[in-house]
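Reviewing the structure listed below.
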Amino acid sequence: MDKKLVEFFENKDFEVVEKKTTTQVLIQNLLAFSVREKKGGLFDISINIVKEDEEKEKLRKRTKGFNLNLEKAPVLSNITFESFVKFCNETKVISQVKRLSEFREVQSDFTLAVAEKDGKTLKWRSNLPTEKHIVDAVFKGSEYTHRSVGLGGLKLSKKDIVLDLGGNIGAFTCDAFDKVKKVIVFEPEAVNFEFLSTNIEDNGAKNVIAHNKAVVGNDDKVRDFYLGKAPYYYSFLVKHNRKRVPVECVNINEVMEKYKPTKMKVDIEGSEWEVLINCTDFGDVDQIIFEYNFDMNMDLKEDFKRFKALRKHLKKHGFDVQEMERDMKQNWNLVFLVNKK
C-alpha cells in the first residue's frame, strides 16, 4: 500500500492489512469493501452489498457527493489519497472496519445465520454448536421464562424492568424485550456485544439499554477477561490456555441503584457468586434466575462453601431458596430460580 495510506490507517489505530485487495465483511450492515492500490498514487474502492435494496439506500445516503456507481458492483475508481481520506471520513468506513478488526481466532471464521421467532430475528454463528444451543434453548425455547423443571421461569409483564447480566449475542434480551417495560443488558466481550447490538437494532428494540461492560462485586473499573474457544464460555475465573483482554467493569450496586430492576437473569460464567453476594439491596426485584457454576466457584472441592453462603444471603434478602436446596453433587452447574416471598 501507499505509505500515506498506511500511515492513515495506523493513525486511526487500525490494523493495516496486506498489500493488494483487502475485504472486511461488516456484520452490522452485511456490507463489504476493499481498497486496491493502483499506479500513480491512485486507488480503487469496491463495495459489495449483500442486502441489496436496503443497504444500497443506506450507502447512497452516506456517499452523497461521490461519483459512485450503485447499479452493479459499486466502485470508486481512480481516486487520489485525499479523496479516499474524505470518503473514509464522510462515510465512517474506518469506524466500521475497526469494529470488525476485533474478530479474531474462533470469531474470525464463522457462518452467519438468522433465527426467526414471532416476527423477531437473531443473528448467530451457525458453525458453532454451542451457539446453536443458545439460539434453540434461550431464543426459540424461551428457557428463562418457560423452564421445564423446578419452579418454572421468570414471569414477565409490561411493568417489569429486566436486568440481563451476560447478554452474549442477545438471545434472552431479544426474546424478552417486547414483553416488558425495559431491558438493561451487560455483555463485556466486544464481538458478542457486536452481535448483541446488531440484534437489538434489527428488532427495533428501543426499550433496551446495552452496555459493553462486565458487572462485578467491587469497584474495579477494568479487569482482565479470559476468552476461550467457545464464545459463551468467557470468564474472569478460567485463565488456563486463554486469551486475556481488558474489559470495563461496573459495580452491581451502582447498576441496581440506577436502573431499579424488578427481574434479574444472571449467566456470567462463575462470577454469579461475586455479583449476587455483594449486592447489598435487591430493591424491587421479585425474581432472579441464575446459572450457578459449582466448578468455577470451587464448591465441588470445598463442600459447597460459597453456594451455602449465597443461599443464606438470598434468604436474608427475602427470597425463597427452597429450589437451591436440591441435590447438587452430580452437577458442575445448574440454573436456579428464586422468588421474593
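In this text the structure is predicted, and so the values were computed from the model without any measurement.
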Take Glu274 and Ile268, measure what side chain to side chain contact (heavy atoms under 4.5 Å, CB included) needs, and give me the verdict at the end. CA-CA 10 Å; Glu274 176 195 344; Ile268 46 180; over 6 Å; no
Verify the distance criterion only: is there a donor paired with an acceptor across the side chains of Asp160 and Thr262 at less than 3.5 Å? yes
Do any N or O atoms from the side chain of Glu323 and from the backbone of Leu337 form a donor-acceptor pair under 3.5 angstrom? yes
Determine whether a donor-acceptor pair (N or O, by modelled atom type, separation under 3.5 Å) exists between the side chain of Asn212 and the backbone of Glu187. yes
Determine yes or no for a side-chain-to-main-chain donor-acceptor pair under 3.5 angstrom, with Asn278 supplying the side chain and Asn218 the backbone. no
Run the salt bridge (Lys or Arg N to Asp or Glu O under 4.0 Å) check on Lys265 and Asp164 step by step: do they pass? CA-CA 5 Å; Lys265 167 257 174 181; Asp164 181 2; 2.8 Å; yes
d(Thr145 OG1, Ile289 CD1) to nearest 0.5 Å is 8.0 Å
Met256 and Pro261, any side-chain heavy atoms less than 4.5 Å apart: yes
Any side-chain to backbone donor/acceptor pair from Asp220 onto Cys249? Under 3.5 Å, distance only. no
Do Phe336 and Phe319 pass the ring pair (Phe, Tyr, Trp, His ring centres under 6.0 Å) test, and can you show the C-alpha distance, the side-chain angles, and the key distance before you say yes or no? CA-CA 12 Å; Phe336 295 97; Phe319 291 95; over 10 Å; no
Evaluate the side-chain proximity of Phe304 to Arg311: yes if any heavy-atom separation is below 4.5 Å, no if none is. no
Assess Arg306 against Tyr292: is NZ or CZ under 6.0 Å from the centre of the six-membered ring, and within 45 degrees of the ring's axis? no
Check the pair Arg125 / Ile169 against side chain to side chain contact (heavy atoms under 4.5 Å, CB included), numbers first and verdict last. CA-CA 10 Å; Arg125 292 158 281 199; Ile169 64 172; 3.4 Å; yes
Check whether any side-chain heavy atom of His317 lies under 4.5 Å from a side-chain heavy atom of Val285, and answer yes or no. no
Approximate separation, where rounding is to 0.5 Å, of Asn168 CG and Asn192 CG: 4.5 Å
Passes side chain to side chain contact (heavy atoms under 4.5 Å, CB included), Leu314 versus Phe282? Steps please. CA-CA 9 Å; Leu314 291 172; Phe282 287 92; 3.8 Å; yes
Transitively linked via ILVMFWY side-chain contacts under 4.5 Å: Phe294 with Met298? no
For the side chain of Lys260 and the backbone of Glu257, is there at least one donor-acceptor N/O pair under 3.5 Å apart? yes
Rounded to the nearest 0.5 Å, the CG atom of Leu310 sits from the CG atom of Asp299 at a distance of 9.0 Å
Distance, nearest 0.5 Å, that separates CD of Glu269 from CZ of Phe236: 12.0 Å
Taking 4.0 angstrom as the limit, do Asp175 and Lys117 come out as a salt bridge? yes
Side chain of Asp295, backbone of Asn333: donor and acceptor closer than 3.5 Å? no
From CA spacing to verdict: side chain to side chain contact (heavy atoms under 4.5 Å, CB included), Phe290, Leu276: CA-CA 10 Å; Phe290 63 96; Leu276 292 174; 4.0 Å; yes
Have Asp219 and Asn251 got a donor and an acceptor in their side chains that come within less than 3.5 Å? yes
Tell me whether the guanidinium CZ or amine NZ of Lys263 lies under 6.0 angstrom from the six-membered ring centre of Tyr144 and within 45° of its axis. no
So, Asn203 side chain and Thr121 main chain: donor-acceptor pair closer than 3.5 Å or not? yes
Chi angles and distances behind the salt bridge (Lys or Arg N to Asp or Glu O under 4.0 Å) call for Glu254, Lys213: CA-CA 13 Å; Glu254 293 181 32; Lys213 294 182 179 181; over 6 Å; no
Within the distance-only criterion (no hydrogens, no angle test), does the side chain of Glu272 pair as donor or acceptor with the backbone N or O of Asn293 below 3.5 angstrom? yes
Quickly, which of Ile184, Val138, Val208 forms a side-chain contact (heavy atoms from CB on, under 4.5 Å) with Thr173? Name it, please. Val208
Evaluate the side-chain proximity of Asp281 to Asn253: yes if any heavy-atom separation is below 4.5 Å, no if none is. no
Criterion ring pair (Phe, Tyr, Trp, His ring centres under 6.0 Å) on Tyr226 and Tyr234, from CA distance to verdict: CA-CA 6 Å; Tyr226 297 87; Tyr234 300 154; over 10 Å; no
Any sub-3.5 Å donor-acceptor pair from Lys158's side-chain atoms to Asp178's backbone N or O? yes
Under 4.0 Å between a Lys/Arg side-chain N and an Asp/Glu carboxylate O for Lys308 and Asp303? yes
Quick one, Arg223 and Val216 - any side-chain contact, counting heavy atoms below 4.5 Å? yes
Between Phe172 and Val114, is there shared hydrophobic-cluster membership here, with clusters defined by ILVMFWY side-chain heavy atoms closer than 4.5 Å? no
Test item: Ile252 and Leu163 side chains (from C-beta on) under 4.5 Å apart, heavy atoms: yes
